[in-house]
There are 2 protein chains.
Amino acid sequence: MPVRTEIQEGDRRSGWKQDPEAVRQDILAAAIAEFAANGLSGARVDDIAAKTRTSKRMIYYYFGDKQRLYEHALEDAYAQVRSGEEELELDHLPPEEALACLVGFTFDHHRSHPDFIRMVMIENVHHAQTLEKSDMIRDLNVAAIDRLAEICARGEAAGVFRPGINPTRLHWQISALSFFNVSNRPTFSALFGNELFTEQGQEALRAEAVRIVLAGVMADGEGQR
Amino acid sequence: MPVRTEIQEGDRRSGWKQDPEAVRQDILAAAIAEFAANGLSGARVDDIAAKTRTSKRMIYYYFGDKQRLYEHALEDAYAQVRSGEEELELDHLPPEEALACLVGFTFDHHRSHPDFIRMVMIENVHHAQTLEKSDMIRDLNVAAIDRLAEICARGEAAGVFRPGINPTRLHWQISALSFFNVSNRPTFSALFGNELFTEQGQEALRAEAVRIVLAGVMADGEGQR
DNA sequence: ATCGTTTTGTACTGGCCGGTTAATTTGAGC
DNA sequence: GCTCAAATTAACCGGCCAGTACAAAACGAT
């Protein structure tokens, strides 16, 4: 049962081609879900196939083996998520507001992409050995730091940020607070209850994350709200 | 080749018993290493056995199956690490110093127990389904929050902390900054280089972690250092 | 020495699962 | 309509690995 997209958009040259591209995407989506749910060695190729509109054989046809499927799934997950981030426009805001906005956005964005977070967790369990090979992913992330560095530069120039801020460290802090919130939710709520993961709890965590990150960059004279 | 401890300490009643307790500990240590390195489904019982002074048969004899071995390994990892934390004595310090000290200590402590961090990561990948069943681990962690709550109470009473601090949220922040530093090191350094993980980089991160956590709890009037 | 219980070693198995074989369908170009 | 290559299917294989069968030590007690 070949997959046909009703509207042909990205197809090469002529009319048709029972749409291998859609099959690939279908497989990748299933793979991301399965890998995110069960990890690399925990994922079952048969289960991925079951979630697909095609068969196991097709996975091997398009991706070769499990490892390479995982590589593509990881790249796809990163691409999806980072492309969402690029839409954020901060240039017109004054630096503190831009940073506050970025922190809040990152917090929310991580929260709404748990599968992506889980892929990164899994990748960390495996010492990032797959990530290391992907130039594409590296480029995406370096761009994120550049945007942050730009905000820092404006803030320093305006005298509202203290001088000598390291954008990579700042990114680390923002990521830590946003990532941990999703990655460690299971153990944290098993140990301490659900309080922090209700809507109000999350709002409070979000607000405090913004607050403390800002506090970290503000020049000494400037009070934090 | 039975394992004998030279000095008999915890042995029940009479003379001896080729020391099953030492065998258990030997197995658990190997299991923690293997699970931390390869995850739950990635770990191989044969490999654990190879790291042991005994055989695979003994693992099944003492622990029944892989899942129960994992449960005991997780509990053991938590117990080891939390027992190290209890030694920290903060009661005699003024509240801000106590908190600063606790944050710094937590940062260092996580850093020096990467296997424990990895066990928790893995547990999160599995939705904490094993952790949930362990009352022992829950008790250990609730105690950690109590210590923190005590510091908060002192700080509020002295007027140096703002009122209404939530100790669980505070613990979440401290954990986030300390945990992420270890858990996401592989991907982070694959993407952004090693800069943050040199000795100087880590010191800067540590100092900033202390700084921003303190900034989060300080009363408005009090400047941060 | 002999018995019963605990502890250990060896060798094996059964099923799960990543990967494949080989044959069929599909559409494009002629 | 025929041919060729791309796409797809169903059935299968073989190695890995969690878990076991069986029996033999090792030990305490008598």
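None of these values were measured; they are calculated from a predicted model. Reminder, nothing fancy here: chain letters follow the sequence lines and each chain counts from 1.
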Phosphate contact (C:dC16 OP1 or OP2) by A:Arg44 side-chain N/O below 4.0 Å: no
Side-chain donor-acceptor contact under 3.5 Å, A:Arg82 with A:Asn141: yes
Check: B:Arg206 side chain, B:Asp108 main-chain N or O, donor-acceptor pair, under 3.5 Å: no
Residues A:Glu123 and A:Tyr70: side-chain donor-acceptor under 3.5 angstrom: yes
Residue A:Asp65, side-chain atoms from C-beta onward, closest of C:dG19, C:dG18, D:dT8: C:dG19
Touch class at under 4.0 angstrom, heavy-atom based, for B:Ala43 against every strand present: sugar-phosphate
Interatomic distance, A:Ile27 CD1 vs C:dG18 C1' [rounded to whole Å]: 15 Å
Out of C:dT6, C:dG18, D:dT9, whichever nucleotide has its closest atom nearest the side chain of A:Ser55: D:dT9
Nucleotide C:dG19, atom P - distance to CG of A:Leu69 in whole Å: 10 Å
Nearest-neighbour nucleotide for the A:Lys66 side chain, D:dT9, D:dA18, C:dG19 considered: C:dG19
Nucleotide C:dC16, atom P - distance to NZ of A:Lys56 in whole Å: 13 Å
Ring geometry between A:His109 and A:Phe105 (parallel below 30°, tilted from 30 to 60°, perpendicular above 60°): parallel
Value in whole Å for how far the C1' atom of C:dT7 lies from CZ of B:Arg53: 16 Å
Selected nucleotide, minimal atom distance to A:Thr54 side chain, candidates C:dG19, D:dA18, D:dT9: D:dT9
Atom-pair distance (CD on A:Glu34; C1' on C:dG18), nearest Å: 13 Å
Spacing of A:Asp47 atom CG relative to C:dC17 atom C1', expressed in whole Å: 10 Å
Position toward the 5' end of DNA chain C (nearest nucleotide), A:Asp46 or B:Tyr61: B:Tyr61
Spacing between B:Met58 atom CE and D:dG19 atom P, to the nearest angstrom: 16 Å
Rounded interatomic separation in angstrom, taking CZ from A:Arg57 and P from C:dC17: 20 Å
B:Tyr60 vs C:dT8: side-chain N/O to OP1/OP2 distance below 4.0 Å: no
B:Ile145 versus A:Phe192, closest heavy-atom pair with distance: CG1-CE2, 3.3 Å
